[in-house]
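Here's the structure we're looking at; comments come further down.
Here is the naming used below: chain letters follow the sequence lines, and residue numbers restart at 1 for every chain. Basis for what follows: all heavy atoms, side chains included, without hydrogens, waters or symmetry-related copies.
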2 protein chains.
Amino acid sequence: MKKEVKDVSMAVIRRLPKYHRLLKELMEKDVTRISSKELSVMIGFTASQIRQDLNCFGGFGQQGYGYDVGELYNEISRILGLTSHYNTIIIGAGNLGQAIANYPNFEKKGFHIMALFEKNPRLIGLQIRDVPVLDVDELESYCEGKNIEIGVICTNKESAQDVADVLVKLPVKAIWNFAPTDIVVPDSIVLENVHLSDSLYIISYLLKNKELNEA
Amino acid sequence: MKKEVKDVSMAVIRRLPKYHRLLKELMEKDVTRISSKELSVMIGFTASQIRQDLNCFGGFGQQGYGYDVGELYNEISRILGLTSHYNTIIIGAGNLGQAIANYPNFEKKGFHIMALFEKNPRLIGLQIRDVPVLDVDELESYCEGKNIEIGVICTNKESAQDVADVLVKLPVKAIWNFAPTDIVVPDSIVLENVHLSDSLYIISYLLKNKELNEA
DNA sequence: AATATTTGTTAAAAGAAGTACAAAGTTTTA
DNA sequence: TAAAACTTTGTACTTCTTTTAACAAATATT
């Protein structure tokens, strides 16, 4: 069993997308090498933390030189599983569902959106890019035999758990939930509950306390 | 200076929205009292952590009884600053900008969306609920004297930093950024960079490692 | 009045981040 | 080309932060 499979803390994992993003930007600027110290300035973590994070997955750097940007980007892509292909469906074709279906890089990263599902008849039949919006009643029959791996929930709060229950039965391997409620699924299914409002509430907290501190 | 102004770690703060959400659900179910132990089962933190978190802001509970759900909900609302009013604008009226403008509870929580701004002429002139979509060229003149507190960036990656620079000059007090890049603003401005793809990449990581572990 | 419950808080344990430096490589200089 | 000087990683160790455990004190319930 490889090092990366065990004993890497979630704190480290959750920093990987930021490394990935920054390395992409460096590549676009044709930067080919970078030291942990330089990266530190750009990313806002200490150089030590960067070295320690990367070392959880292997020694990608070289003493006296630093890291090869392209190589490190590829390694992190591989660690994050962005070199695989995932059949994906979106339930809820409102603004948020459409926004996600239109997200430019998801297809490139292997998240292949096969269909959106919707109950509002006005939206059924639309195409978002090349992706059809189907009737949510067809969800189970459509998915039969298609090996759907990821289900994205973009419904309202009320429907979210019901949709999740259907997805669990299909079954999907992972659920990405944007409905403003914590859905519950068996442990065998990977789940990320995203709460957009959480970060807005944090902004509110910080604003309030900034004012109090300044007063 | 009150306790809550200093020395409360971000780890605690970032859990507050989850308490807030759960207490709301309890209220809707007409639950009037709850112990840290019961809350623990629902929320997935230890009872000890819940008691310690809440105690950062004051002793809201009572021995032998627990917490009054309504009172605790109000306290957390107050701590998060959700009893204040914030003038808010959204830049970018694409699907994501519209999704946020339509988010049902933001108005109720005091985030009053005054206008959306857009450069695409097809969208300019629309109304999202009662909120007008204006030309982004009018952004500065519109905001003059209106005391805009929060700016929400829903543009593409390329425009995000330019928009942020304009918002800084207005000035706004806080920026909520959904463009898939980390924007940079002076320390005096509260900033939350939200990266939707981060949680998808984590899903990808977890899927990959689940398969490796099972194999 | 006796028993049971549950908080607030202190203390201990676990986890994450920062410091320091030997080892290994790169770059410069002669 | 070879040696000296410089750079930078990987990692052991230390410090700091966060979480969990434990329990006295206070209240509720029987």
| said: Can you measure A:D53 atom CG to D:dG10 atom P for me and round it to whole angstrom units? | reply: 12 Å

| Does A:N55 have a side-chain nitrogen or oxygen under 4.0 Å from the phosphate oxygens OP1 or OP2 of D:dT11? | yes

| Euclidean distance, atom CZ of residue A:R51 to atom C1' of D:dT8 [Å, nearest integer] | 7 Å

| message | So if I take every side-chain heavy atom of B:R33 and compare against D:dT11, D:dT8, D:dT29, which nucleotide ends up nearest? | response | D:dT29

| Does OP1 or OP2 of C:dG15 have a side-chain N or O of A:S9 closer than 4.0 Å? | no

| Do A:L200 and B:K109 touch side chain to side chain, with heavy atoms closer than 4.5 Å? | no

| Side-chain-base donor-acceptor pair under 3.5 Å for A:Q52 and D:dG10 | no

| How do A:G64 and B:G59 order along DNA chain C: which one's closest nucleotide is nearer the 5' end? | B:G59

| said: Ring centroids only, cut at 6.0 angstrom: are A:F117 and A:Y142 within range, meaning strictly under it? | reply: yes

| task | For the side chain of A:A11, starting at C-beta, report the closest nucleotide among C:dG8, C:dA16, D:dT9. | result | C:dA16

| request: Scan residues 41-48 of chain B against DNA chain D and write down, sorted by residue number, each residue with any heavy atom closer than 4.0 Å; if none is found, say none. | output: B:T46, B:S48

| remark: Whole-Å distance, B:R15 CZ to D:dT17 C1', equals 12 Å

| said: For B:S77 and B:N74, which I'm curious about, is there any donor-acceptor pair between the side chains at under 3.5 Å? | reply: no

| task | Flag the pair A:I76 / A:F60 as yes when at least one side-chain heavy-atom distance between them is below 4.5 Å, and no otherwise. | result | no

| message | Rounded to whole Å, please give me the gap between OH in A:Y67 and P in C:dG25. | response | 15 Å

| Is the A:W176-A:Y103 ring centre distance short of 6.0 angstrom? | no

| request: Only one of A:R21, A:R14, A:K18 passes side chain to side chain donor-acceptor pair (under 3.5 Å) with B:D198; say which it is. | output: A:R21

| note | Out of C:dT6, D:dT8, D:dT19, minimum distance to the side chain of A:Q63 belongs to D:dT8

| task | Starting at atom OH of B:Y65, determine the distance to atom P of D:dA25, rounded to an integer number of angstrom. | result | 25 Å

| remark: B:L39 atom CG is separated from C:dT6 atom P, nearest whole Å, by 13 Å

| query | Side chain of A:Q62, base of D:dT7: donor and acceptor closer than 3.5 Å? | reply | no

| Does the side chain of A:E75 reach to within under 4.5 Å of the side chain of A:L54, using non-hydrogen atoms? | no

| To the nearest angstrom, how far is A:E38 atom CD from D:dT8 atom P? | 7 Å

| remark: Separation of C:dG15 atom C1' from A:Q49 atom CD, nearest Å, is 13 Å

